[in-house]
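On a predicted model such as this, the values are computed, not experimentally measured, just so you know. Numbers restart at 1 for each chain; the letters A, B, ... are given by sequence-line order, proteins then strands.
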Protein chains: 2
Amino acid sequence: MSISTRFSVGIHILSLLEINKEGVNTSEFIAKSVNTNPALIRKITGMLRNAGLVNVRPGIAGATLAKELSDITLLDVYQAVNVVQDKELFGIHDNPNPACPVGRNIQDAIEPIFSIAELALEKALGVVTIEDIVKDILEKEELGKRSF
Amino acid sequence: MSISTRFSVGIHILSLLEINKEGVNTSEFIAKSVNTNPALIRKITGMLRNAGLVNVRPGIAGATLAKELSDITLLDVYQAVNVVQDKELFGIHDNPNPACPVGRNIQDAIEPIFSIAELALEKALGVVTIEDIVKDILEKEELGKRSF
DNA sequence: TAACTTGTAACTACTTGTATTACATGTTAA
DNA sequence: TTAACATGTAATACAAGTAGTTACAAGTTA
């Protein structure tokens, strides 16, 4: 089981909006870069818009960034695309037996630990921005072009 | 999307094996505490056995712990029950367009970051042992019994 | 008005998780 | 040796989520 690719697609979209900021980034154009369907891109772009990360309006071609690149963390994207509901990264089996000492206490015992683990994950995502990703992409691009 | 409850059930099973170590912990007994099916318990117990965490043998009633409580971390359980394949917590959309600067570099740009985040999660799980969980359960149990 | 774009619903195919049933295999004790 | 019981495992069913696709209403622009 993996966290939905909507997350990585969201990162892809935002990076593309920056790198191709001179062009018009329609859902069809973005879909070709991601290699998927325009409708799926519009769905994800809509989520990014709801989170205040991009500007995109009905009828008007192209999406644009709504915030500074350095102001958008991967955590913002992660939360925007709804891949994991808050505090629900780990599924906890419900209705354990209340007649059992373990059953009636296990949930309270593991929930705080799951929260800590989830927060550790989110913290790691929170320190990386789309700007970092874009810089990395452009760097790799230059390296690829270099002839030895 | 959530990480399978096999993880929390695995923690439940191991805690129960300790707290009810005087009794015989058959799959049916454990299933009643977890409130699920004996077959599912046997499946998970089998995974814990493959990871060297419990002793359980065909035909012989009851599972027992195979390691010291303080030697079993939640990370051990997490890995034992196979809820997430290594390096695959985050799904990455495949076949991005190689003709696009973003498409041909995005995977390499985000993979290391996803790895770091995944490791942060695992680290948080690695510092908590089943002993900690058991202590917490017994503590809550005492608190529940206390009359003010 | 025509052409184009976004927003969104509906549908399909696929995968995974969980519950359940069934039964082969192994163990124990009368 | 047989009866009773436990584990291991396969098969099935169902729900939920993902991803791909089509279709079309509604908004925008020339």
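In this structure, the nucleotide among D:dA6, D:dG8, C:dT6 sitting nearest to the side chain of B:A61 is D:dA6. Of the candidates C:dT21, D:dA19, D:dG27, D:dA19 carries the atom nearest the A:L40 side chain, counting heavy atoms from C-beta on. In the set C:dG7, D:dG20, C:dT18, the nucleotide with an atom closest to the side chain of A:R42 is C:dG7. Distance from the side chain of A:V56 is smallest to C:dG7 among C:dG7, C:dA9, C:dT20. Considering only side-chain atoms of A:I60, the nucleotide from D:dA19, D:dA6, D:dT28 that sits closest is D:dT28. Minimum atom distance to the side chain of A:P58 is reached by D:dG27, of the listed D:dA23, D:dT7, D:dG27. Comparing atom distances between the B:S27 side chain and each of D:dA19, D:dG20, D:dT7 picks out D:dT7 as nearest.
Taking atom CG on B:N25 and atom C1' on D:dT7, their separation rounds to 14 Å, with Å as the unit. The CG atom of B:L48 sits 14 Å away from the P atom of D:dT7 (whole-angstrom rounding). In this structure, CE of B:M47 is placed 12 Å from C1' of D:dT9, rounded to the nearest angstrom. Atom CG of A:N37 is separated from atom P of C:dG7 by 15 Å (rounded to the nearest Å). If you take CD of A:E88 and P of D:dA16, they are 14 Å apart, rounded to a whole angstrom. Between the P atom of C:dG17 and the CZ atom of A:F90 lies a distance of 15 Å, rounded to the nearest Å. Protein atom NE2 of B:H93 is 15 Å distant from nucleotide atom C1' of D:dG20, rounded to whole Å. For the pair A:E28 CD and D:dT21 C1', the computed distance is 14 Å after rounding to whole Å.
In terms of phosphate contacts, B:T5 brings no side-chain nitrogen or oxygen within less than 4.0 Å of OP1 or OP2 of C:dG17. Residue A:R57 places no side-chain N or O under 4.0 Å from the OP1 or OP2 atom of D:dA26. Between A:T26 and the phosphate of C:dT5, there is no side-chain N or O to OP1/OP2 separation shorter than 4.0 Å. OP1 or OP2 of D:dT18 lies within a sub-4.0 Å distance of a side-chain N or O belonging to A:R6.
In this pair, B:F90 and A:F7 present their aromatic rings tilted. The plane angle is within the 30 to 60° band.
For the pair A:N25 (side chain) and A:G62 (backbone), a donor-acceptor distance under 3.5 Å is absent. Of the possible donor and acceptor atoms, one in the side chain of B:D132 sits under 3.5 Å from a partner among the backbone N and O of B:T129.
The cluster map of Ile, Leu, Val, Met, Phe, Trp and Tyr, joined by side-chain heavy atoms under 4.5 Å apart, puts A:V127 and A:L14 in the same cluster.
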Item checked: salt bridge (Lys or Arg N to Asp or Glu O under 4.0 Å) between B:E141 and A:R104, worked out -> CA-CA 9 Å; B:E141 194 60 15; A:R104 65 172 163 260; 2.3 Å; yes
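Residue A:G62 is in sugar-phosphate contact alone, with no base atom involved, counting any heavy-atom pair closer than 4.0 Å across all strands shown. Within 4.0 Å (heavy atoms only), A:T45 reaches no atom of the nucleic acid at all.
Of the two residues contacting DNA chain D, namely A:I3 and A:G59, the nearest-nucleotide position lying further toward the 5' end is that of A:I3. With DNA chain D read from its 5' end, the first of the two nearest nucleotides for B:A63 and A:S2 is the one closest to B:A63.
Interatomic distance, B:L16 CG to B:I130 CD1, rounded to the nearest 0.5 Å: 11.5 Å.
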